[in-house]
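Any value given below was found using the heavy atoms of this structure, including those in side chains, with hydrogens, waters and symmetry copies removed. Here is how names work: the chains are called A, B, and so on, in the same order as the sequence lines, proteins then strands, and each is numbered from 1.
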Amino acid sequence: MPPSAAPAGDRAAQGPRPEPRHDFRTAEPRWQAEWERRGCFAVPDVPPPGARKYYVLEMFPYPSGKIHMGHVRNYTLGDVVARYKRARGHLVMHPMGWDAFGLPAENAARERGIHPGRWTYDNIAAMRAELKRMGLSLDWAREFATCDPEYYGQQQRLFLDFWKAGLVERKESWVNWDPVDQTVLANEQVIDGRGWRSGAPVEKKKLAQWFFRITRYAEDLLAALDGLDRWPERVKLMQANWIGRSEGARVRFRLAEAVADIAEVEVFTTRPDTLFGMSFLALAAEHPLAQAVAARDPKAAEFIAECRRMGTSEAAIEQAEKRGHDTGLRVAHPFLEGVTFPVWIANFVLMEYGTGAIFGCPGHDQRDLEFARKYGLSVLPVVLPPGADPARFTIGEEAYVEDGTIFNSGFLDGLSVPEAKRRVVEALERTGQGEGVVNWRLRDWGVSRQRYWGCPIPVIHCEGCGAVPVPEDRLPVLLPEDVDFSRPGNPLDHHPRWKHVDCPRCGRPARRETDTFDTFVDSSWYFARFCSPRAPVPVTREAVDAWLPVDQYIGGIEHAILHLLYSRFFARAMRDTGHLALAEPFAGLFTQGMVTHESYRAADGRWLYPEEVEIVTAPDGSRGAVEKATRAPATIGRVEAMSKSKRNTVDPGAIIERYGADTARWFILSDNPPERDMEWTEAGVAGAFRFTQRLWRMTALALPSLPPPGTPPGDAAGAARRLRQATHRTIAAVTEALEGFAFNVAVARIHEFANAIAEAEGADCAAARREALETITRLAAPMMPHLAEELWSMLRPGEARLVAELPWPEADPALLKADTLTIAVQVLGRLRGTIEVPAGATEAEVLAAAEAEPNVQRALAGRPIRKRIHVPGRIVNFVV
RNA sequence: GCGGUCGUGGCGGAAUGGUAGACGCGCCAGCUUGAGGUGCUGGUGGGGGCAACCCCGUGGAAGUUCGAAUCUUCUCGACCGCACCA
């Protein structure tokens, strides 16, 4: 048992001298109820005139059933910002909702026979209760779940508006197909090329799917990153790389003989300057020419089938051993009369990027080189490194990818790489064999999912009319309740009645689209919906125009690319369909690190939960672990991200039960900078708990000696003045730290301040001490709000306002200035002593004092000073 | 494979060109308490010295500077993302 504000029974057991303590178990629910009663955190859809709005949003959770430490960290960070901004006079909107569609609900249905809706709403109820115990300053009246028909129905409206605006397209794309389960697999469900449930080898299959035309905004999505000055640079960089603008050329290669009716192959390259170093042409397995070859060549068909078992993820493709199949076809070089090169099918060429075909130049591309070496293809260098001898330069194991002078290249010889690129493009365009192009890595966003638990795509397929939008007055298209998960495949597809409807256009029998939306669609506009969560339209303009953009968005770095990019796309699409006025949804972004923990393993290899082991410290100070149940030694493993499989998780509910929400919040903020991974440790929580008790005790013990509330601390001297200076310096320091998301520094400054308050003794400090205690309470309030209310009610009995309703303390500039300064004195850059000078000392006075310092004298050793460097208030350096 | 981030005491970290190790955890010593997973006080990077002090030290190597954890180049290691997990 931890030391705690234990229930009365426990306290009696502790002995006859119970110490008074902060009883968080009764205090925390009491203050939560009081905030709710007063409506402290509720805001209107349309802010009153003159209000300074501030929209704080944390990434909403998936309702898995229990909150985890990542949520605690995320929502604590957001809550500190929300409470701080509120104190700074902003009208703060801080909503919460649920990203409630997705695969786990269907898995639960298949494995345990629970309806996905039932499972989801039960989980939401459990998690809402847990979040409420954290004391978050949320406007719960705005809550919704993406699986609420009121939400996904509006999403269907948005889809139809996007469609009308030309932002939606139906086309074919490749998916991972499990032939046994008859289902499309997510990349994470493909393990070593096999379906996770069936174990069957996965195949790639072509399906007609719905796409959002995000590529239409590629240029703007890239350019607008520059304006996002409150986004982390690394996230912007990752997005820029993802969008992947590259300049290059499209080159058409003529086939020596046509296959089917294909006479040429189009290739995209960023290195047209190396065209004369070509040694082969390679096709993706899905390329139409490869398909045509396969139709008449069983060996090629077999190789393509093998490639299809690789899965669709880019990582899997690029990490696989480079392999190929020679089609026997040849293509002509665009500029070398009569020279032809072999056409291969290769497993490392991506159909989704460029044209699905490349020309291989092994001399100057590492992948091409590995491929050429493996299959004995020619390697001709065409870029000469500076200073190399053209007669002797050869390529070994490493391709040469740097700058140089072009050689072995006909009309390009002697040019630089950029100049050669220009000249090749000119020649290609002149001869009609290609052109310079800008290529994007970004692909259109496929949103079709062959799943039940998602937002139905509001389309009806008719034999005569094609794909027809569901008319406005028949929205929302609701999911059927009665679904059967006992069969493999999509339950919507084999529902007996749901998909059979009449065509809204011609009235003849037709069928519904049975695909549902990717859950990324749900999370791409929820931030806008929060502004008017009950509106009978997707968003009301008065609300979104007033509240958006989100001023501070906070979430995990794992969403740095997709979720944020899709949301940026949605904002643009909603702007172009009249729903929003802006393009960038998130003005400020903060990405937090993960929560990690040690892992433990029993002797037989079982993973153990932290509560199943006891940590023992050996006499030599080294740590070991013992399994509590068996008393057998256990191994302490690596510190890594909390995960169920490693069992290195800590349940936030249990922590709040044992230590209270304030302790959990304080520890999670104090451990390290929020953008880094933090390690959850039992010792750390216990330390945070001790500090909450120390603050309470310090206040409770001081109370009888404090002057009445409102007593001016006045122009104190001595210890009282030093305490007042500490108070005001701490206000300034904590304010700066909170503004800069340096919450661990804010915590450290509050610790220091608590030490300073404890040291300031004597009756003449009483008024300064009241000021200090009231200040520390208010500065700590965004981080431990319940304790702050408790302390405030002790310090100011009868005060009408709660801390949650108070403005932020202001530092008095007169008390920020130090009376004396400590200056470090260096000789030749090495510290030799420090001097104390009055705050107003002149440079000459400072230099004289520095030179006179005895240890400095010794270091100077009588040598003449050549240079005196003085950085006012900081340092003096003598160069001899 | 491609892209990105991070390396500072026993541990989390502070310092973003100016006194390296603030603050906390842990540990050590003392006091308090009938007792302690309590409270309080002091100490705590490594080496040398009775001491005053001196030397070394921010993953490794080199460089720029009066001065580098911080800037530059190279290098090693750990972690994250890669389009159907959310």
J.: In the strands shown, is B:rC31 matched to any nucleotide by a Watson-Crick or G-U wobble pair with both distances under 3.5 Å, and which?
T.: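 In the structure as shown, B:rC31 has B:rG39 as its Watson-Crick or wobble partner.
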J.: Is the NZ or CZ atom of A:Lys171 positioned over A:Phe211's six-membered ring, under 6.0 angstrom from the centre and within 45° of the axis?
T.: yes
J.: Quick one: ring-ring contact (aromatic ring centres under 6.0 Å, His included) partners of A:His559, sequence neighbours excluded?
T.: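 In terms of ring-ring contact (aromatic ring centres under 6.0 Å, His included), with neighbours along the sequence ignored, A:His559 is linked to A:His563.
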J.: Across all strands shown, which nucleotide pairs with B:rU44 by Watson-Crick or G-U wobble geometry, both distances under 3.5 Å?
T.: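 Across all strands, the one nucleotide that pairs with B:rU44 is B:rG26.
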J.: Measure from CZ on A:Arg234 to C1' on B:rC2 and round the result to the nearest Å.
T.: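 Rounding to the nearest Å, CZ of A:Arg234 and C1' of B:rC2 are 18 Å apart.
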J.: State whether A:Thr681 places a side-chain N or O below 4.0 Å from either non-bridging phosphate oxygen (OP1 or OP2) of B:rC25.
T.: no
J.: With rounding to whole Å, what would you report as the distance between B:rC27 and B:rG37 at their C1' atoms?
T.: 15 Å
J.: Can you see if the side chain of A:Asn877 gets near the phosphate of B:rG18 - specifically, an N or O under 4.0 Å from OP1 or OP2?
T.: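 No, outside the criterion.
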J.: For the C1' atoms, the ones on B:rU5 and on B:rC28, what distance do you get once it is rounded to whole angstrom?
T.: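 It works out to 38 Å between them.
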J.: Can you tell me the pairing partner of B:rC79 across any strand shown, Watson-Crick or G-U wobble, with both distances under 3.5 angstrom?
T.: B:rG4
J.: Can you tell me how far CZ of A:Phe570 sits from CH2 of A:Trp445, rounded to the nearest 0.5 angstrom?
T.: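 Those atoms lie 5.0 Å apart.
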J.: Taking atom P in both B:rG43 and B:rG21, what distance in whole Å separates the two?
T.: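 B:rG43 and B:rG21 have their P atoms separated by 15 Å.
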J.: Starting at CD of A:Gln826 and ending at C1' of B:rU19, how long is that distance when rounded to a whole Å?
T.: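 Spelled out: CD on A:Gln826 to C1' on B:rU19 is 8 Å.
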J.: Give me the distance, rounded to whole Å, that separates B:rC71 from B:rU65 when you measure between the C1' atoms they each carry.
T.: 10 Å
J.: Assign A:Trp242 to base, sugar-phosphate, or nothing according to its heavy-atom contacts below 4.0 angstrom with the strands shown.
T.: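 Counting heavy atoms under 4.0 Å across all strands, the contact made by A:Trp242 includes a base.
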